There are 2 protein chains.
Amino acid sequence: MDSESGEAFPASIEAAWGLRERPHKGPKRGLTLERIVSAAVKVADEDGLDAVSMSRVGNELGSSTMALYRYLATKDELLTLMLDAAVGPPPPLPEGLGWRRGLESWATSMRAAILTHPWTVHLLMPKGPPATPNQLAWLDQFLRILQDTGLPVSAKLATQLLISGHVWSHVSITAAITLDTEPGSLRRWSEYEPFLRRVTGGGRLPGLRAALDEGAFGADPGAPDDHFVFGLERALDGIEAHIRSLR
Amino acid sequence: MDSESGEAFPASIEAAWGLRERPHKGPKRGLTLERIVSAAVKVADEDGLDAVSMSRVGNELGSSTMALYRYLATKDELLTLMLDAAVGPPPPLPEGLGWRRGLESWATSMRAAILTHPWTVHLLMPKGPPATPNQLAWLDQFLRILQDTGLPVSAKLATQLLISGHVWSHVSITAAITLDTEPGSLRRWSEYEPFLRRVTGGGRLPGLRAALDEGAFGADPGAPDDHFVFGLERALDGIEAHIRSLR
DNA sequence: GCAATACCGCGTATGTAATACGCAGAAGAG
DNA sequence: CTCTTCTGCGTATTACATACGCGGTATTGC
């Protein structure tokens, strides 16, 4: 009954939605997309994203490298599904919060979900419009939170762009600063302030220099959490004013 | 005279700042970091980021693959410098704009700079705190724009996080939707709306479904530009209210 | 029942990268 | 003039993703 247009998105994504339940002829399938993805997530949790190779994931399942390609067309699809699985669905929203508290909760939960599996940060760059189940579930929840605000749809989507961009930006910086303490790209936080002092010498970059002298980039890189809240609240203030202005 | 701490950041970044001018003994150097980076940028402009391999860049310079490693420790450093070079310095800021117009201009310029070389989108994920000259120049300009607002430094930085996150998020989505029309990951925009209708069937994802029925995801993917402006203005509204409240 | 068919897991092979290592020659230092 | 330090670069290693095809299996049409 479906039109034959079902080829628009990769088969693995269709499969993740539970569509595409082919009645099949050949031997029984030994694996499941779900099992593959969760094995890959486990590898990433344990040994980092770089450890996720097709052969490693195959081994983890007691299977071979190439068997996975019966379920996935490319590694990229695996990564997309890993992100979806690791972030998971949005936690259920308490009723009657009001849109503002709702969005605060949404943003905070998303940030937490991402940082639970730090490697997801490296997968946030979208490879296309959101299409996986959990990703769309988050979007859906966002839109439901704004349901009764009277905002037009396009404003709701634009709001989502702003808020999720903020989350994204925040987790990326956080990960880059606090988590990537690999000796390869040294860049230890403690070296950062002296470095900035050095390059802002001789009157270069006066704005930055002034910030340094006011104590930005001080000891504690935990400040980013405050930055997160600050930016979120300012954004919500702006949205709130706009919603009020619509009446 | 420098303390011996100069090893905090990769040598190539130090070199990009013009520090590290070693008086050298051996043969004259045949290349320059600058030439390498601009050759790499040229390759990316012509054939995409995936075409940028060490050997390809070497060839482009009439040199060998391994010669590059006298200037760069890893390919990652090359990518970092490519981003810096492609984005370039911020355009000079008109005087007397006021902070709000200033930030609008900053955000718009940054968006334009990134989209001038679409491949830069894939390099935006930070690998550490910003350290390259142009990157810091943008940050510097941002801070100077906020100079007379009375905001504490940490609020200025948090504001930068919010605004740049918005730019980032916007260009990423834009690139993912409009530019990645590779047949590999099909996902043509025109297939997106039908896809969403399919997965929101049966009462699933009601928020999304409502948005669909209101005409979101309609024909024209040029709407993201309006989304960009909307989000930016809301954010600035919030900042403005906050600045006012400080008096 | 039975053959044809479509699909399974997976071994093998290919191609492309990044990059470690070491050599031979060049140029400034003493 | 020799020693040291640095150069460009050839070679070799390692690690992947993934194309291709084989031999076997379970379902389907007769």
Side-chain angles (χ1 to χ4, degrees), chain A residues 10-12 14-15 20-37 39-40 43-44 47-82 122-123 127 182-185, chain B residues 10-12 14-15 20-33 35-37 39-40 43-44 47-82 119 122-123 127 182-185:
Chain A
S12 63
E14 308 260 339
R20 289 294 177 90
E21 297 290 340
R22 309 169 263 197
H24 60 221
K25 252 181 171 172
K28 281 169 194 160
R29 314 196 92 183
L31 295 174
T32 317
L33 242 197
E34 223 175 40
R35 282 188 59 212
I36 294 173
V37 172
V43 170
D47 294 338
L49 196 56
D50 288 344
V52 177
S53 67
M54 297 305 265
S55 74
R56 170 74 185 272
V57 174
N59 280 352
E60 212 75 14
L61 292 163
S63 184
S64 80
T65 304
M66 294 309 291
L68 307 183
Y69 284 96
R70 294 283 179 193
Y71 301 81
L72 298 157
T74 66
K75 184 184 180 179
D76 236 53
E77 293 185 14
L78 175 58
L79 294 175
T80 298
L81 294 173
M82 283 173 68
H122 301 290
L123 300 177
K127 304 189 202 317
E182 308 144 37
S185 58
Chain B
S12 64
E14 309 261 338
R20 290 292 177 92
E21 297 289 341
R22 309 169 264 199
H24 60 219
K25 248 182 175 174
K28 281 169 194 160
R29 316 195 90 184
L31 295 174
T32 317
L33 241 198
R35 280 187 62 211
I36 294 173
V37 171
V43 170
D47 294 338
L49 195 56
D50 288 345
V52 178
S53 68
M54 298 303 267
S55 72
R56 170 75 185 273
V57 174
N59 281 353
E60 212 76 14
L61 291 163
S63 185
S64 80
T65 304
M66 293 311 292
L68 308 183
Y69 284 96
R70 293 286 178 194
Y71 301 80
L72 298 157
T74 66
K75 185 184 180 180
D76 235 54
E77 294 185 14
L78 175 58
L79 294 175
T80 298
L81 294 172
M82 284 173 68
W119 48 267
H122 300 291
L123 301 177
K127 303 188 202 319
E182 308 146 36
S185 60

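Letters go in sequence order (proteins before strands), and every chain restarts at 1. Since we're looking at a predicted model, the values are computed, not measured.
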Can you check the A/L68 CG to C/dG11 C1' distance for me, whole Å?
14 Å
Specify the separation, in whole Å, of atom CZ of A/R29 and atom P of D/dT25.
18 Å
Return the polar atom pairs (N/O with N/O) between nucleotides 13-23 of chain C and the protein under 3.5 Å, or none.
unit_1: C/dA18; atom_1: OP1; unit_2: B/K75; atom_2: NZ; d: 2.5
unit_1: C/dA18; atom_1: OP2; unit_2: B/M54; atom_2: N; d: 2.9
unit_1: C/dT19; atom_1: OP2; unit_2: B/Y69; atom_2: OH; d: 3.1
unit_1: C/dT19; atom_1: OP2; unit_2: B/K75; atom_2: N; d: 3.0

Can you name the nearest heavy-atom pair linking B/E77 to B/P10, along with the distance?
OE2-CB, 3.3 Å
Which atom pair, heavy atoms only, marks the closest approach of B/L123 to B/L79?
CD1-O, 3.8 Å
Test side chain to side chain contact (heavy atoms under 4.5 Å, CB included) on A/L68 and A/L78; report intermediate values, then the result.
CA-CA 10 Å; A/L68 307 183; A/L78 175 58; 5.6 Å; no
May I have the distance from B/L31 (atom CG) to D/dC6 (atom C1'), rounded to whole angstrom?
14 Å
Please check: side-chain N/O of B/R29 versus main-chain N/O of B/R70, any donor-acceptor pairing under 3.5 Å?
yes
Presence of A/Y71 side-chain N/O under 4.0 Å of C/dG9 phosphate oxygens OP1/OP2:
yes
Rounded to the Å, how far apart are A/N59 CG and C/dG9 P?
16 Å
Minimal heavy-atom distance between A/G30 and A/R35, with the atoms involved, is O-NH1, 3.4 Å
A/L78 CG to D/dC16 P: how many Å, rounded?
14 Å
For B/L31 against B/S63, the heavy-atom pair lying closest together:
CD1-OG, 3.8 Å
Among D/dT27, C/dG9, D/dG10, the nucleotide that comes nearest once only the side chain of B/S64 is considered:
D/dG10
